[in-house]
Amino acid sequence: MEDRKVILSVRDLVIKFRLRGDILTAIREASLDLYEGESLAIVGESGSGKSVFTKSFMGLLDANGWIDAGSIIFEGEDLAQYKIEKDWLKIRGKKIAMVFQDPMTSLNPLKTVGKQVQEAIELHQGIKGEEAKDLAISILEDVGIHDPENRYKQYPHEFSGGMRQRVVIAIAVACNPQILICDEPTTALDVTIQAQILELLKGLKDKYNLTTIYITHDLGVVANVADRIAVMYAGDIIEIGKCEEVFYNPQHPYTWALLSSLPQLGVKGHDLFTIKGTPPNLFYEIKGDAFAPRNPRALKIDFVKRPPYFQVSPTHKAKTWLLDPRAPKVDPPESIRVLRQQWEVGNNG
Amino acid sequence: MLKYSIKRLLQSLFTLFIIVTVVFLLMRLLPEEGYFGDAYEKLDEAQKEAILTNMGLRDPMHIQLMNFYKNLIKGDLGESITFRPKVPVMEIIKDKVPYSLYFGLASIGISLLVGVGLGIAMARNKSKFWDKFGTGYVVFIRAVPAAVYFLFKQIYITGVFKLPMLFKIDNPKTWILPTISMSLGGIASYAMWIRRYMVDELNKDYVKLARAKGLESKKIMVRHVFRNAFVPMAQYLPATILFTIAGSIYIESLYSIPGMGGLLVEVIKRQDNTLVQALVLIYSSIGIVGLFLGDILMAIFDPRIKLQRKGGAR
């Protein structure tokens, strides 16, 4: 992975929102390198900033939000400096496309499904009319819609939820982007459909040569599709690494807590693990490690100084003082120890 | 679609039949003095009875009703009794409709053009100058009684622009003020509704998707938002247009326009039963046809409206 080309590089990004006269810091100096052709999952609880973070790559922040500092380097240009719509039109769809969470409302109810796909094609692929229509039909077929010639003429209300999400994906693919951001693409769908949609996205990634970012709070989704995982908490990426590394050898106490809450890791007869407390109030400045107040294993320094990244392996790093050589030895929860053992056994054998 | 239209048409005819019958029967319950107008005092009982019998008002009720419908099918709505005695009802109405129709259509045209334009400007600049300006206008027009600002207009605008007050058919300058006066209210409601529906649409997810796929905001407004916002308004458009035939009581009397406005009130006061019946028939037909056309228009615009079958959308 190290030798792969970085396609998008975010450095110390700060995003703020004005809400009823107060200023909220949604993203706190987050950094991320996205490699060409990879599939990255950003996980975190509601309000951790994962959506806002990726929306800023496309200039889709709500009107009361702005990029306060930092840079987003894409193809030699700093997207953080883009101010007017004309600049963003070079990026939106053309380079980076997005699939939204709720397929029931993401389509215009009064336009045929085919026309909405065709609109994206005509916008970005430089073809019009019949030719664009034929391409639209073939993309509809690619996303797994049967009888695409007839479905082209139908309206969104004639499609089920899963089918609509396929259409939303078709629209994103029709833009012919380099990066595809999927913002909770399966959250609104039922479980059997979820698996189909993820399978579809994996297939399209290869066929259309896409770099994909999944935003999700469902670790099951992550395990299915991601090469790498970035764990987000209170507007910062606190741990990032290859899928197996984060799953089996997590370093940050928040990642421990997140994994321990998985029902699959619970012990029969015991209560499911829950993370105590609530995420920090982003209206106030956060001191030290944002997770410290909810962390029973927090060190003194966690409340004073914000930890930098500590490298665990060339591909794995985490922002926790526990990785500092001077830190005392702190044992992770039992479920995490079990995971580590499995990991070590797997690596040795 | 065709099946639905026919079904709705038959339903409409049935509604119309009920309205007209009920009104016809109610009219028969009114005191009989009205049929004689000023001559009432001078006639003796036998003469009155003769006149009433002659008019067919002494026939049994169902015969009267049958006769009324027979004439109606032939297109004969009867003659005026007291308003303009012995003049066919259709004649009276025919003279008045063109004025009301002209002013009505002109004002709808202006209202749509200016009102929708203002509404779009308000929605695009939400909470900024145009929105505040438009809201101010809408609140003013809707809250202040029309008489107040019409009076203001009478005094100042006629003076400043040297526009004549009263309507004269051969002087085109006199057509201006009534047309503008009639448009003021329409502009306010179209602006208000377009703004409201557009702001609703703007907050929907499909607008976000359209933005994310790289459509510029002007095109999003035209291709997606405005079109969808106009659908709920389309439903009421045919009825609004048709009702201009009825004229505006206030404005027609203010500028002495010989239109339809106020005719119904006038003939009820004079107890001109045939004219009342004819007008009720016309007004209710307009209402019913207007709603019918509105539903059809809506169904054409909005594919989600399933016309044939009842039940859920999916």
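Chain letters run A, B, ... following the sequence lines, proteins first and then strands; every chain starts at 1. Just so it is clear, the structure is predicted and the values come from calculations on it, not from any experiment.
Chain B forms the most heavy-atom pairs under 4.5 Å with one residue out of A/A97, A/A120, A/P109, and that residue is A/P109. Among the candidates B/K204, B/R211, B/E201, B/R227, the residue making the largest number of heavy-atom pairs closer than 4.5 Å to chain A is B/R211. Taking chain B as the reference chain and counting heavy-atom pairs below 4.5 Å, the highest number among A/L107, A/V99, A/I96, A/I181 is found for A/L107.
Two residues are said to be in side-chain contact when any heavy atoms from C-beta on lie closer than 4.5 Å; B/K213 and A/R92 fail this criterion. Using a 4.5 Å heavy-atom threshold, the side chains of A/F100 and B/K208 count as touching. Looking at B/Y206 and A/P156, their side chains never come closer than 4.5 Å, going by heavy atoms from C-beta outward.
Scanning both residues, B/A212 and A/M98, for their nearest heavy atoms gives CB-CB, 4.3 Å. Looking at every heavy atom in both residues, A/E119 comes nearest to B/R223 through OE2-NH1, 2.9 Å. Closest of all the heavy-atom pairs between A/H157 and B/P303 is CE1-O, 3.3 Å.
Neither the backbone nor the side chain of A/I91 comes within contact range of chain B; no heavy atoms are under 4.5 Å apart. For A/L123, the part lying near chain B is the side chain, with the backbone staying farther off; criterion is any non-hydrogen pair under 4.5 Å. With a 4.5 Å cut-off on non-hydrogen atoms, A/L110 touches chain B through its backbone and its side chain both. Using a 4.5 Å cut-off between heavy atoms, A/V168 contacts chain B through its side chain alone, with no backbone atom that close. The parts of A/L60 that come within reach of chain B are both its backbone and its side chain, each placing non-hydrogen atoms under 4.5 angstrom from that chain.
Dense packing is recorded around CG of A/D87, with more than 12 heavy atoms of other residues, nucleotides or ligands lying under 6.0 Å away. Remark: A/K94 NZ is packed, more than 12 non-hydrogen atoms of other residues, nucleotides or ligands lying under 6.0 Å away. The environment of B/W130 atom CH2 is sparse: at most 12 non-hydrogen atoms of other residues, nucleotides or ligands sit within 6.0 angstrom. Heavy-atom contacts from other residues, nucleotides or ligands closer than 6.0 Å to CH2 of B/W175 number more than 12. Within a 6.0 Å sphere centred on NZ of B/K126, heavy atoms belonging to other residues, nucleotides or ligands number 12 at most. Applying the 6.0 Å contact sphere to CZ of B/F301 captures no more than 12 heavy atoms from other residues, nucleotides or ligands.
The closest side-chain donor-acceptor pair between A/Q116 and B/H224, if any, does not fall under 3.5 angstrom.
We find that A/K86 and B/E216 are not joined by a salt bridge, their nearest charged nitrogen and carboxylate oxygen being 4.0 Å or further apart.
Interface residues of residues 228-242 of chain B toward chain A, defined by a heavy-atom distance below 4.5 Å and sorted by number: B/N228, B/V231.
Taking CG of A/N108 as the start and CD1 of B/I220 as the end, the distance is 11.0 Å to the nearest 0.5 Å. Summarising the geometry, atom CG belonging to B/L209 is positioned 11.5 Å from atom CG belonging to A/D102; distances are rounded to the nearest 0.5 Å. Rounding to the nearest 0.5 angstrom, the gap separating the CG atom in B/D205 from the OG atom in A/S106 is 5.0 Å.
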